[in-house]
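Proteins get letters first, then strands, A, B, ... in listed order; numbering begins at 1 in each.
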Amino acid sequence: MTTALDDTASVGGARRLAPGKPAEFGEGITLAVLVLFVTLICGLPMALLFKVGLTGPAGIDLAPLAEAMANRSVQTALWNSLESSVLSALLAVILGALLALAVGLTDVRAKGPLVFCLLLPMMIPPHVIAIAWIQAMGPGSPLLKPLGLAPEMGETPGIYSVTGLVSLLALQHAPLVFLILRAALRALPRELADAARVCGAGGPRVLLRITLPLIAPSLLASFMLAFVAALGNFGINALLGIPARYTTLPVLMWRRLASFGPDVLPNVAVISVVLAVVTLLAVGLQSLLQRRLRASLIGLPQAPLAYALGRARLPLEMALWGFIAVTLALPFAALVATALVPTYGLALTPATLTLDNFAEVLWRQGVTLRAFANSTLTAAAAAALIAAVAIGLGHLMVHRTGRTRQLAGLASAQADIAFAVPGLVVSIAFILAFLKPLPGLGLSLYGTLWIILLAYVAVFLSVGLKPVTAAYLQMDRSLEDAARVAGAGYLKRVRRIFAPLVAPAAASGAILVFLTAYNEVTVSALLWSSGTETIGTTIFNYEDSGATTLAAAMSTVVVLATVAVMVAMNGLARHVPAGSIPWRD
Amino acid sequence: MKKLLIAATALLFAGQVQAADVTGKLVLYTSQPNEDAQQTVDAFKAKHPGVEVEWVRDGTPQVMAKLRAEIEAGAPKADVLLIADTVTMESLKKEGRLLAHPAADIAGYDPAIMDKDKTYFSTKLITTGIMYNTAAPVKPTSYKDLLKPEVKDKLAMPSPLTSGAATIHMVALTGNPDLGWAYYEKLAEQGANPQGGNGAVYKAIAGGEKLYGFMVDYMPIRGKAQGAPVEFVFPEEGVSAVTEPVAILSTAQNPTAAKAFVDFLISREGQELAAKQGYLPAHPAVTPPAGFPARETIKLLPFDPAKALEGDAANKAKFTEIFGG
């Protein structure tokens with residue numbers, strides 16, 4: 001039936017669509033369905049959150065907001081959130097920039113494995129990273145203790161502090177900065193640096209006077225991104241912040257809702273509005289900066305630079321691999337060591353070594369198996385759905401003009417907002433929107449896997465959309481015109497022309513979505529229920545109930561699975577637009 | 001003799017009917033640690049293979065928050081609740097959310113820990129006392145020992161906002177004329193930071209991050225048996241106790257299986273399982289596990305559930321005021 005409709009439409013559709021002209025029938029429906037769907041899961045819940053937070057029975061009412069802001073714990077949490085996010089973003093920028101300069105400008109060897117290892121922390125869930133560091137730095141540290149370097153018994157480990165929290169956030173977000181800056185270094189107009197060199201400027205001088213000023217906008221933009229990411233982080237903030245008596249906004253919201261239930265929902269909605277506003281301000285500022293960045297740098301990505309370091313190369317390589325050993329191998333080794341002892345607090349020796357925790361997690365605990373199944377299922381379904389939406393929306397956004405483009409752009413903007421605001425804020429918006437039974441159906445989505453799946457689609461749509469729009473930008477439009485002249489209707493063109501061409505980009509986006517959703521805890525922390533546990537909530541729950549050895553065992557399994565998926569993703573590398581797979585050139 | 005025979009046949013018959021009828025899905029919300037919950041469920045399923053049990057674990061307040069959200073959503077999923085304290089059960093009973101199970105056999109139990117309307121049933125005694133790391137310089141025997149200068153900043157305790165047992169302990173200690181709220185204020189001065197549940201406290205002390213703390217008995221007693229460097233003390237003032245009651249929700253989808261689950265927990269077999277897991281069983285005739293003193297030597301702090309329920313909100317507010325959070 002659709003083919004018939006498409007064919008009639010295509011009789012008159014052989015011409016190029018002029019701006020403002022009505023779209024083809026199939027295209028119109030696709031547009032309507034996509035925009036409606038995205039609005040329903042991204043726009044509406046957020047709008048409802050703002051409505052609950054900012055209005056009363058008689059229109060706009062800022063009293064609850066003022067009341068929340070006057071609350072001492074909210075003030076402290078807001079201040080703590082801002083402080084830890086600014087400090088950690090600064091540190092992440094310094095760290096990320098140093099790494100990007102070292103890898104992006106010099107001739108250090110083994111760049112592939114180096115970049116893979118440097119980006120690994122970005123893919124490992126923050127709560128797992130926090131658990132690993134706690135074990136690596138505590139008095140019971142299975143690694144520091146035998147070396148005599150562990151803190152004394154009863155001494156609170158330094159990691160439970162603002163410094164510890166800020167450092168872990170910075171380590172988690174430095175790869176983000178590294179990625180952005182490496183791309184910026186690639187796009188640098190090379191002539192400037194060459195000219196300076198010809199004029200006799202040495203390496204450090206070129207760096208300070210030419211390179212750094214040119215990448216300054218990227219530095220600022222990556223600072224804002226790291227700031228926003230830190231603001232929404234839950235795992236590190238909860239696991240390190242709570243023992244350090246350093247409560248941030250996401251933790252405050254989670255604690256109130258988890259301990260008091262829906263009675264405090266309006267109160268928590270008001271606090272989420274505060275967090276959402278801070279985030280959106282930061283994102284707005286960031287996109288402003290990024291627009292400036294586009295104007296200031298000309299040139300397509302080029303082959304990586306490789307200034308010869310000569311004798312300095314080996315020390316730099318040793319420093320880079322040393323950094324990886326300390327930030328990656330050390331906490332992971334601690335995690336594995338904890339997973340291998342029968343009870344927490346016992347030192348790992350050949351006599352105490354046991355695989356029992358792995359057996360418990362992988363075979364005996366019904367909840368773990370369910371969590372693995374739930375996370376795999378929801379993450380895969382969300383990834384597939386996002387890929388499908390992205391193929392349609394990306395095309396309408398990039399290859400169309402006028403009203404169609406505007407509407408598609410509106411949907412994409414809603415997805416960007418849902419991605420930018422912290423996952424916890426989205427899940428509170430989802431509880432508000434979907435807790436009560438749906439009108440007409442009498443069924444509530446709350447407590448089902450559907451609500452987690454839809455929340456994943458809402459939050460990660462933006463991640464999957466980006467590589468697909470990039471692929472559309474590179475695609476020649478004459479392909480579509482040719483198909484249209486040949487009489488192919490919209491759906492047929494999608495099926496035969498666009499979808500196959502952007503499929504690799506959609507697939508790499510989908511895998512990124514899968515990895516992110518598979519490992520997340522912020523979105524599902526408030527949405528999980530009986531039978532719908534996710535990997536993230538299960539690990540968090542083990543750690544929270546004192547079953548640290550089980551949490552460590554499950555974390556180990558998850559890290560290994562993540563690395564396996566990342567390695568598998570390398571196989572896609574040749575078929576996707578440059579930059580779709582973060583750790584590949 | 002004839003009567004006895006009839007009774008025996010009836011019993012046998014009843015047993016058969018029960019085993020045949022108990023099938024379907026059973027949803028359990030519990031605050032037991034994962035491993036124990038899984039063992040309990042496995043043991044129950046061995047007896048009733050027709051039942052598919054789905055269970056969720058979280059701290060008692062979190063379990064309640066989840067349940068309240070589901071009630072709000074119009075679809076409470078749990079059939080059975082197995083949570084820390086009777087105070088929470090009392091409040092649910094008041095709201096008419098619990099289903100009575102008149103056929104439950106509670107003969108032999110202390111009536112003080114069972115609801116006379118048979119809407120909830122205590123399954124074990126979980127006392128809260130003091131735990132310490134064996135590397136600690138002070139070996140506390142009284143709550144007041146925790147106010148010594150050597151203990152400063154090395155003290156951990158669970159939060160009543162996260163743990164049902166901690167709520168009862170707070171009510172019991174602050175109601176003791178010798179200790180009172182002044183004692184809690186001094187604990188705050190000692191640097192206690194009650195933010196998590198018992199699990200978090202256990203982890204901190206076993207890992208050596210802290211050296212002393214309030215703690216439920218079974219975690220350190222079990223940990224010590226496995227080689228962890230920890231000790232549990234029944235302080236001289238006494239311990240508080242929760243009874244981990246089980247109850248069936250009035251909205252239960254599968255009341256038959258729910259009743260079978262309750263029957264299993266309070267049966268001899270269920271009580272022996274609890275003892276095997278390292279808990280003090282609620283049934284006085286079942287031998288307590290190794291590591292516990294003789295049952296009659298355990299001194300309980302006086303505690304009134306009705307009064308506790310009445311003052312619950314005020315107590316928690318006062319606690320938050322002292323410790324922040």
B:Gln195 versus A:Arg255, side-chain donor and acceptor atoms under 3.5 Å |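 Indeed, the side chains of A:Arg255 and B:Gln195 share at least one donor-acceptor pair under 3.5 Å.
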Return the option, out of A:Ala77, A:Pro437, A:Pro342, A:Ser545, with the maximum number of heavy-atom pairs under 4.5 Å with chain B.
->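 The residue among A:Ala77, A:Pro437, A:Pro342, A:Ser545 with the greatest pair count is A:Ser545.
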Proximity breakdown for [X] and chain A, heavy-atom pairs closer than 4.5 Å:
X	answer
B:Asn198	neither
B:Ala228	both
B:Met64	neither

Is any side-chain heavy atom of [Y] closer than 4.5 Å to one of [X]?
X	Y	answer
A:Gln365	B:Glu35	yes
A:Asn541	B:Arg57	yes
A:Trp528	B:Asp58	yes

From A:Leu527 CG over to B:Lys66 NZ, what is the distance, rounded to the nearest 0.5 angstrom?
->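 Between A:Leu527 CG and B:Lys66 NZ, I get 8.0 Å after rounding to 0.5 Å.
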Approximate separation, where rounding is to 0.5 Å, of B:Glu54 CD and A:Thr532 OG1 =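 Interatomic distance, B:Glu54 CD to A:Thr532 OG1, rounded to 0.5 Å: 8.5 Å.
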Might you point out which heavy atoms bring B:Tyr202 and A:Gly546 nearest each other, and give the distance in Å?
->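 Result for this residue pair: CD2-O, 4.5 Å.
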Provide the closest heavy-atom pair for A:Thr548 versus B:Lys203 in the form atom of the first, atom of the second, distance.
->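 Of all heavy-atom pairs spanning A:Thr548 and B:Lys203, the closest is OG1-CD, 2.7 Å.
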By a 4.5 Å heavy-atom criterion (distance strictly below it), what part of [X] contacts chain B: side chain, backbone, both, or neither?
X	value
A:Leu265	neither
A:Phe434	neither
A:Leu526	backbone
A:Arg364	backbone
A:Arg72	neither

With no hydrogens and no angle check, is any side-chain donor or acceptor of B:Lys77 less than 3.5 Å from a backbone partner on A:Gly531?
->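 No, B:Lys77 side chain to A:Gly531 backbone: no donor-acceptor pair under 3.5 Å.
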More than 12 heavy atoms of other residues, nucleotides or ligands under 6.0 Å from [atom1] of [X]: is that the case?
X	atom1	result
B:Lys316	NZ	yes
B:Lys276	NZ	no
B:Lys152	NZ	yes

Residue selection (most heavy-atom pairs with chain A, distance under 4.5 Å) from B:Gln39, B:Met219, B:Lys154 =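 If we count pairs closer than 4.5 Å to chain A, B:Lys154 comes out on top.
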So which of B:Ala69, B:Ala206, B:Gly223 has the biggest tally of heavy-atom pairs under 4.5 Å with chain A?
->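 The residue among B:Ala69, B:Ala206, B:Gly223 with the greatest pair count is B:Ala69.
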Residue-level interface, residues 207-216 of chain B with chain A, non-hydrogen cut-off under 4.5 Å |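 Within residues 207-216 of chain B, near chain A: B:Gly207, B:Gly208, B:Glu209, B:Lys210, B:Leu211.
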